[in-house]
Trainee: 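Following this message is one structure expressed as structure tokens.
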Number of protein chains: 2
Amino acid sequence: MNRRGAQQYVVARPLYSEESFAQDHEKVYRPRKTMLDHVKQYFTCDAKRAKAACLSLLPVVGWMKMYRLKEWLLSDLVSGVSTGLVAVLQGLAYCLLASLPPWYGLFSAFFPVIVYFFLGTSRHISVGPFPVLCLMIGSVVTRLVPDEGSPMNITGFAGLTRDEQRVLVASSVSFLAGLMQLAMGVMQVGFVVVYLSDTLVSGFTTAAAIHILVSQLKFVLGLPVPGLSGPLSLIYTLEIIFRDIASTNVCDVVISLVIMGVVFAVKELNDRFRSKLPVPVPIEVIMTVVACGVSYAFDFKTRYGIEVVGHIPQGYEAPMAPNLHVFQETAVEAFPMAIVGFAVAFSVAKFYSVKHDYTIDGNQELIAFGASNIFGASFKSFAASTALSRTAVQESTGGKTQVAGLLSALVVMIFTLAIGFLLEPLPKSVLGAVVIVNLKAMLMQFREVPYLWRRDKPDCVVWVGTCLASVLLGLDLGLAAGLGVELLSVVLRAQFPRCSQLANVPGTDVYRDRKDYLDISEPEGVKIFRIPSPIFFANIEFFRTKLVEAVGFNPLRVLRKRNKALRMIRKLLKKGDLQWTSKGFRNSSCGPVPEDKSALEALEDLDRPTDFQDLPTRIDWSAALPAYIDAPRVALHSLVLDFAAVSFLDMSALKGLKAMLKDLIRVEVEIYIAACDPYILEKLHDCCFFDDEVQPSMFFLTVHDAVLHVLEKHPQAAEKSCAHDKVNTTVTVHLPEGGLRSRDRSAAGPETRF
Amino acid sequence: MNRRGAQQYVVARPLYSEESFAQDHEKVYRPRKTMLDHVKQYFTCDAKRAKAACLSLLPVVGWMKMYRLKEWLLSDLVSGVSTGLVAVLQGLAYCLLASLPPWYGLFSAFFPVIVYFFLGTSRHISVGPFPVLCLMIGSVVTRLVPDEGSPMNITGFAGLTRDEQRVLVASSVSFLAGLMQLAMGVMQVGFVVVYLSDTLVSGFTTAAAIHILVSQLKFVLGLPVPGLSGPLSLIYTLEIIFRDIASTNVCDVVISLVIMGVVFAVKELNDRFRSKLPVPVPIEVIMTVVACGVSYAFDFKTRYGIEVVGHIPQGYEAPMAPNLHVFQETAVEAFPMAIVGFAVAFSVAKFYSVKHDYTIDGNQELIAFGASNIFGASFKSFAASTALSRTAVQESTGGKTQVAGLLSALVVMIFTLAIGFLLEPLPKSVLGAVVIVNLKAMLMQFREVPYLWRRDKPDCVVWVGTCLASVLLGLDLGLAAGLGVELLSVVLRAQFPRCSQLANVPGTDVYRDRKDYLDISEPEGVKIFRIPSPIFFANIEFFRTKLVEAVGFNPLRVLRKRNKALRMIRKLLKKGDLQWTSKGFRNSSCGPVPEDKSALEALEDLDRPTDFQDLPTRIDWSAALPAYIDAPRVALHSLVLDFAAVSFLDMSALKGLKAMLKDLIRVEVEIYIAACDPYILEKLHDCCFFDDEVQPSMFFLTVHDAVLHVLEKHPQAAEKSCAHDKVNTTVTVHLPEGGLRSRDRSAAGPETRF
């Protein structure tokens with residue numbers, strides 16, 4: 001059985017229950033911090049902490065001090081100009097998603113960047129419009145100010161044009177989202193983004209890509225489709241598009257197809273020859289310039305009826321206050337925006353911070369984005385986050401710090417202040433086509449589905465659930481539903497675990513699932529039940545069922561039958577029909593046994609512990625009893641519960657577990673709990689889990705300790721186990737000092753075997 | 001250190017990694033059922049299964065066969081009549097909660113009972129109106145057909161009076177809820193009720209009690225308050241009541257106070273003398289009869305302007321089809337009704353099934369309630385569940401089977417068909433007062449809050465969250481929010497577990513938190529890190545941080561520095577500034593060290609494993625290196641992860657864990673994982689967790705096996721550990737065959753100590 005040369009080890013130690021271990025090894029008293037201590041510590045202030053806090057609020061001070069002017073400025077300049085051009089293009093394009101006039105996208109690529117420069121901790125992300133967020137803003141905008149019909153009745157809308165109303169809505173909801181981010185940052189709850197798992201984000205962004213695709217179809221096809229919002233709006237939009245598909249503008253379609261084809265092909269080449277190209281070819285910028293030129297030269301707008309970007313006013317507009325009435329109407333939608341905007345930016349920022357080995361601070365990022373959005377929204381920009389593609393441009397062209405971001409904002413400013421008119425002849429279908437091509441990566445995430453299905457079904461359900469819900473219900477409701485599915489998946493993982501009955505691998509202290517091995521031995525009258533997951537409200541019933549299956553009887557039912565039998569015995573003894581002799585009960589009458597009709601009166605009494613008072617002796621239920629006394633025999637005398645994997649318990653679990661243990665203890669099954677986490681044991685003490693019946697002495701260090709203790713107490717179990725199983729490798733021997741030894745048969749010793 | 005007479009045990013066994021254990025002990029191949037097998041098995045049909053299915057669909061056949069006519073019929077009769085009287089009273093009272101004319105409550109206490117008689121598996125619950133459900137129906141009714149203003153634009157409302165419209169809404173939504181219950185029953189998803197934990201239900205019903213209390217205030221005060229629905233409706237209702245409080249009808253208030261006082265007092269007495277009374281005094285029925293008589297005699301209606309029950313038409317109304325347009329409008333609200341109605345009835349049924357020792361079937365109960373509600377709604381009754389108080393009456397007065405329920409329905413029928421007019425002078429304030437007094441038990445659940453806070457904070461948060469959300473948002477949204485909080489609480493419990501570093505309790509194979517004990521020893525260069533909870537998306541980052549803290553360095557950063565150092569060494573060797581001698585590196589030039597500027601070009605290369613190709617030797621990072629080569633030393637050579645409590649892993653955890661392990665392996669830290677669940681190990685294999693770097697050979701059976709393996713591989717660790725810690729009780733000795741022994745000092749052997 002042993003391989004030659006295998007290492008062998010011997011452990012000789014006392015048999016430990018938790019109590020005897022605590023006696024032998026004194027625990028160090030470690031004062032625990034109360035909540036009050038934490039609060040005190042948090043609000044303690046000294047000069048050093050104050051300085052550190054100020055510095056962490058203004059990260060620019062920190063990284064500016066170590067700015068290497070000579071080395072970094074040039075790469076920041078190159079990167080800033082490239083990113084700026086992309087930002088202009090994306091600003092215009094993503095603005096279409098938000099259902100706003102295109103030039104407002106330029107504002108979003110300018111104002112937030114400036115604030116982020118001072119407050120942000122990431123050196124590489126390019127702050128500005130993010131398509132998913134733009135789409136979410138667009139859905140609020142079209143809900144409050146629909147394309148067809150009158151806008152919602154909002155104070156402050158009076159006297160504004162439709163576009164002005166929309167800008168008011170977009171900037172107000174951005175302001176609100178910014179406020180929420182700022183509040184979360186101040187409250188230091190940046191950790192909430194962990195709830196957006198990779199799987200959830202992947203499903204959500206895929207759904208967003210589908211939404212974006214559908215919303216851009218109208219530009220690509222040149223169809224006038226009203227923006228819709230709310231559940232199923234995607235279906236309705238598609239319905240309208242297919243209804244009107246006959247009026248497609250062929251010229252738009254041709255332009256889009258050409259742009260998409262070229263951009264797609266060049267991007268593939270960029271990817272393939274990434275190592276050989278110093279910088280990826282900025283094909284989108286090139287195609288936009290070409291399209292602008294061609295459209296201007298051939299006057300697409302009047303000749304083919306193509307929709308172009310149109311007049312871009314020069315200069316910035318006066319700042320304005322957000323509208324409180326809009327706040328009220330959009331509070332529920334601003335929250336997912338705040339979360340999604342931050343979560344995406346944070347995950348991109350984190351990726352680059354790991355790559356370039358610096359730390360970013362989630363809460364400071366929340367503050368930075370909050371302030372950026374509040375500042376930006378005051379100047380009519382809409383909520384900013386980051387676009388992965390633009391950040392990739394900024395980093396790959398050599399951007400070292402947010403100086404590159406600042407320079408990109410300058411480029412955007414030049415367009416706003418001076419040369420914006422150059423973009424006026426640009427067809428909207430070009431912008432739509434560029435947006436659609438950029439969806440490739442997001443849509444490719446569909447490939448994760450079969451991968452997840454093979455690897456981990458609950459994760460796959462989360463992906464599909466989030467994606468479907470986000471497509472059908474809209475992004476905000478979909479995100480909430482996806483979160484629900486995700487939380488449920490965690491519960492589901494722990495809800496139906498595989499319970500197993502363990503048995504001893506002979507000659508060792510190892511216990512494994514008894515169904516998995518042939519050479520495994522189970523002492524008679526002892527069951528070892530492994531609980532392989534935390535116990536809480538959703539699985540306590542499941543465990544109760546499995547445990548009843550494992551022990552082979554329902555303890556409550558047995559207890560009731562025994563109590564009924566006791567009642568009957570008492571009655572018969574009183575009447576003299578039964579007599580107690582030293583050899584057991586003797587039946588004195590042979591008449592019919594009276595039926596027990598008193599069951600109803602004291603049903604609760606049947607659940608009490610068996611009470612042998614006023615009887616001549618304790619009754620041994622496994623001995624022979626008069627035939628008409630129906631008391632089931634229980635073959636089990638001890639139950640060991642392996643708690644090694646129980647990482648937490650909630651109140652339902654405590655109640656359920658206690659009831660379960662009580663029922664078993666009352667039918668004289670000894671319970672042992674092994675390998676329980678010390679903190680859980682502590683919690684059990686704190687929660688008054690123990691009483692006269694359920695006692696802390698049942699806790700043992702390992703399953704082996706508990707089983708050896710049982711064998712010590714019930715020597716016949718060990719004997720029978722050996723005789724029965726014919727394995728004979730687990731031999732327990734009484735040492736002179738009364739201990740137990742379990743020896744591998746390869747290590748033949750002088751001990752007596754039996 | 002050892003107590004006298006303590007049991008000792010000795011284990012001698014091979015040192016097992018999972019692989020060597022699998023070699024020694026062959027696993028039995030157990031074919032796993034695929035999903036397809038389960039589906040096949042589920043749809044397999046033979047005569048026996050078909051018969052069992054039919055019987056389980058019609059439980060009445062089963063229990064009627066064993067009906068003990070002589071013994072049970074009398075108690076069923078007594079119980080049926082008592083329950084019937086209570087049902088009449090509750091039917092009228094709860095109907096006020098549903099904002100319907102009172103006599104429809106009599107229908108709800110009749111039709112559903114009949115269907116449940118045939119289909120239900122519980123023998124003791126009294127089916128019929130349930131206050132919380134009535135309130136939920138009431139909120140739908142007042143939303144669609146408000147007291148003030150015009151009803152919602154629903155096809156089918158034309159030509160109906162307001163009350164008829166309301167009845168149409170109530171019965172349609174009940175029909176829909178019934179359909180949902182039936183569908184859930186057929187799909188066998190009755191297990192969903194486990195998600196409604198005791199804590200959640202307690203918080204929810206307390207909130208419902210507050211809603212009920214507020215909704216009854218208008219009857220008790222005799223004020224005309226319109227029924228409101230939607231978020232914050234409770235606040236608005238209270239606002240209206242306090243605005244109009246001056247117009248309170250004093251007579252109503254007096255009647256209510258008298259009724260409440262008397263009923264409350266008698267109920268307390270009933271409780272106190274429960275053991276002495278054969279049957280609780282039916283004080284509500286008595287007071288109602290008295291109030292009816294007094295109201296009739298003194299003509300309260302005209303004399304004091306008191307609102308009375310009013311005309312009760314005799315006989316039943318013609319059945320009607322539900323309205324599909326109402327289905328559309330109320331689908332979202334019908335679902336929580338279906339769930340709450342079933343969950344409450346099921347929990348009550350389960351309580352009595354345990355008490356009387358029979359089994360109930362959750363899915364069959366769903367079918368029974370679904371069918372009851374569909375049938376009832378066709379006859380203008382509204383959704384039925386059970387009321388705890390009425391069921392208690394039915395059981396305590398001796399009800400044995402649903403025959404009692406059927407008889408109670410007969411009593412209700414007598415009122416509908418013949419003597420309903422007797423109730424016409426009953427003041428509504430009496431009904432309100434009776435409802436309010438019955439809220440005592442539900443409101444007393446507030447006492448759980450401090451109890452939960454002391455015992456288990458997350459559970460307390462779930463209670464308070466559910467209750468607050470249900471009070472403020474309304475019962476349907478509140479239930480959803482409560483469920484969210486509850487699921488989140490499970491995640492939270494596992495999200496910030498207490499990680500610990502373990503160390504060996506000398507002389508044993510026991511490992512405990514090293515901070516908890518003084519007499520504990522940690523081998524040098526080895527860390528034992530315990531992961532005390534499942535690993536999933538929400539805590540993988542937390543573990544990464546904790547692990548980096550525990551090992552004391554960031555492995556990725558060390559790897560990068562080493563790779564940078566290597567690059568520098570290569571360059572210097574090439575230039576001849578550095579030379580390799582057998583004693584190590586020798587610096588040949590004393591000039592300034594060239595700075596490494598190539599970092600940018602190949603940042604990704606730095607994350608690769610260190611590559612010693614084309615170098616004369618592997619570099620020993622812990623040996624002395626030229627001063628200008630900055631490569632951090634790592635004091636750690638082995639890391640043991642205790643996986644005993646890791647009960648599941650999700651995809652994020654797999655990815656994160658693998659990345660974490662790779663980083664560590666690349667800086668030459670050996671990783672061992674101990675006590676991993678066999679099913680998790682299987683899953684890791686299935687998910688392609690292993691590759692060239694992360695190998696399955698790192699899994700060991702126990703922490704002790706892994707540590708002994710480490711000591712075997714790094715003998716200096718054991719020596720240093722002993723010298724350093726001065727504990728000297730853990731002695732590892734090389735056995736002749738190359739094994740390791742760890743011996744308790746009390747068991748002095750012939751082995752050499754060192």
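Convention: sequence-line order gives letters A, B, ...; per-chain numbering from 1. Any value given below was found using the heavy atoms of this structure, including those in side chains, with hydrogens, waters and symmetry copies removed.
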Trainee: For B:Tyr517, is it the side chain, the backbone, both or neither that has a heavy atom under 4.5 Å from a heavy atom of chain A?
Mentor: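 The answer is both parts of B:Tyr517.
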Trainee: Non-hydrogen atoms of chain B under 4.5 Å away: do they reach the side chain of A:Leu556, the backbone, both or neither?
Mentor: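 Looking at A:Leu556, just its side chain touches chain B.
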Trainee: Taking only Lys NZ, Arg NE, NH1 and NH2, and the carboxylate oxygens of Asp or Glu, determine whether B:Arg13 and B:Asp705 approach each other closer than 4.0 Å.
Mentor: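 So B:Arg13 pairs with B:Asp705 through a salt bridge.
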Trainee: When you look at NZ of B:Lys515, are more than 12 heavy atoms from neighbouring residues, nucleotides or ligands closer to it than 6.0 Å?
Mentor: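 Check fails, neighbour count at 12 or below.
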Trainee: Using non-hydrogen atoms and a 4.5 Å limit, figure out which bit of B:Tyr679 sits close to chain A: side chain, backbone, both or neither.
Mentor: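 For B:Tyr679, the side chain is the part near chain A, not the backbone.
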Trainee: Counting N and O atoms only, with roles assigned by atom type, does the side chain of B:Asp357 sit under 3.5 Å from a partner on the main chain of A:Arg557, one being a donor and the other an acceptor?
Mentor: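 Pair absent, no side-chain N/O of B:Asp357 close to backbone of A:Arg557.
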Trainee: Of the listed residues (B:Val646, B:Val354, B:Leu200), which shares the most heavy-atom pairs with chain A below a 4.5 Å separation?
Mentor: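 Looking at each of B:Val646, B:Val354, B:Leu200 in turn, B:Val354 comes out on top.
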Trainee: Which pair of non-hydrogen atoms, one from B:Leu15 and one from B:Ser20, has the smallest distance, and what is that distance?
Mentor: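 Looking at all heavy atoms of both residues, the shortest contact is O-OG, 3.8 Å.
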Trainee: Let me know if B:Pro534 has heavy atoms under 4.5 Å from chain A in its side chain, its backbone, both or neither.
Mentor: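 Both parts, backbone and side chain.
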Trainee: Heavy-atom distances under 4.5 Å only: say whether A:Tyr195 touches chain B with side chain, backbone, both or neither.
Mentor: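 Contact with chain B is through both the backbone and side chain of A:Tyr195.
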Trainee: Heavy-atom pairs under 4.5 Å with chain A are the metric here; pick the option from B:Ser489, B:Pro532, B:Ser75, B:Pro678 that has the most.
Mentor: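 Looking at each option in turn, the highest pair count goes to B:Pro532.
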Trainee: Does atom NZ (B:Lys683) have a neighbourhood of more than 12 heavy atoms from anything else shown, all under 6.0 Å?
Mentor: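 Yes, NZ of B:Lys683 has more than 12 neighbouring heavy atoms, counting only those of other groups under 6.0 Å.
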Trainee: Non-hydrogen atoms of chain B under 4.5 Å away: do they reach the side chain of A:Tyr29, the backbone, both or neither?
Mentor: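 Looking at A:Tyr29, nothing touches chain B.
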Trainee: Is the shortest distance from a Lys or Arg side-chain nitrogen in B:Glu395 or B:Lys355 to a carboxylate oxygen in the other one below 4.0 Å?
Mentor: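 B:Lys355 and B:Glu395: salt-bridged.
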Trainee: Is the shortest side-chain heavy-atom distance between A:Tyr16 and A:Asp24 below 4.5 Å?
Mentor: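 Yes, at least one pair of side-chain atoms sits under 4.5 Å.
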Trainee: Any donor and acceptor pair, going by atom type alone, linking the side chain of B:Glu448 with main-chain N or O of B:Ser202 inside 3.5 Å?
Mentor: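 Such a contact is absent between B:Glu448 side chain and B:Ser202 backbone.
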Trainee: What part of A:Tyr451 gets within 4.5 angstrom of chain B, counting heavy atoms only: side chain, backbone, both, or neither?
Mentor: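 Only the side chain of A:Tyr451 comes within 4.5 Å of chain B.
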Trainee: Please look at B:Arg454 and chain A and tell me whether the side chain, the backbone, both or neither of the residue comes under 4.5 angstrom of a heavy atom of that chain.
Mentor: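 For B:Arg454, no heavy atom lies under 4.5 Å from chain A.
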Trainee: When you measure from the side chain of A:Asp519 to the backbone of B:His25, do you find a donor-acceptor pair of N or O atoms at a distance under 3.5 Å?
Mentor: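 No, because the side chain of A:Asp519 does not come within donor-acceptor range (under 3.5 Å) of the backbone of B:His25.
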Trainee: Pick from A:Asp459, A:Leu649, A:Leu483, A:Thr199: which one has the most heavy-atom pairs with chain B under 4.5 Å?
Mentor: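 Highest number of heavy-atom pairs under 4.5 Å: A:Asp459.
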Trainee: Measure B:Asp513 against the heavy atoms of chain A and call it side chain, backbone, both or neither at under 4.5 Å.
Mentor: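 It is the side chain, since no backbone atom gets that close.
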Trainee: Salt-bridged, A:Arg493 to A:Asp456, with N to O below 4.0 Å?
Mentor: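 Looking at A:Arg493 and A:Asp456, the cut-off is met.
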Trainee: Using non-hydrogen atoms and a 4.5 Å limit, figure out which bit of B:Val193 sits close to chain A: side chain, backbone, both or neither.
Mentor: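 Answer is neither: B:Val193 stays 4.5 Å or more from chain A.
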Trainee: Heavy-atom cut-off 4.5 Å, strictly under: side chain, backbone, both or neither for A:Ala480 against chain B?
Mentor: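 For A:Ala480, neither part sits under 4.5 Å from chain B.
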Trainee: Is B:Leu196 in contact with chain A via its backbone, its side chain, both, or neither, using a 4.5 Å heavy-atom distance?
Mentor: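 It is neither, since no heavy atom gets under 4.5 Å.
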Trainee: Below 30° counts as parallel, above 60° as perpendicular, anything between as tilted: where do the rings of A:His704 and B:Tyr9 land?
Mentor: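 Plane angle over 60°, so perpendicular.
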Trainee: Only pairs of heavy atoms separated by less than 4.5 Å count here; which of B:Thr702, B:Val510, B:Asp686, B:Asp198 has the most with chain A?
Mentor: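 With the most close heavy-atom pairs to chain A, the winner is B:Val510.
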Trainee: So which part of A:Glu26 gets closer than 4.5 Å to some heavy atom of chain B, the side chain, the backbone, both or neither?
Mentor: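 For A:Glu26, the backbone is the part near chain B, not the side chain.
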Trainee: Of the backbone (N, CA, C, O) and the side chain (C-beta and beyond), which part of B:Phe689 lies under 4.5 Å from a heavy atom of chain A, both, or neither?
Mentor: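 Contact with chain A involves no heavy atom of B:Phe689 at all.
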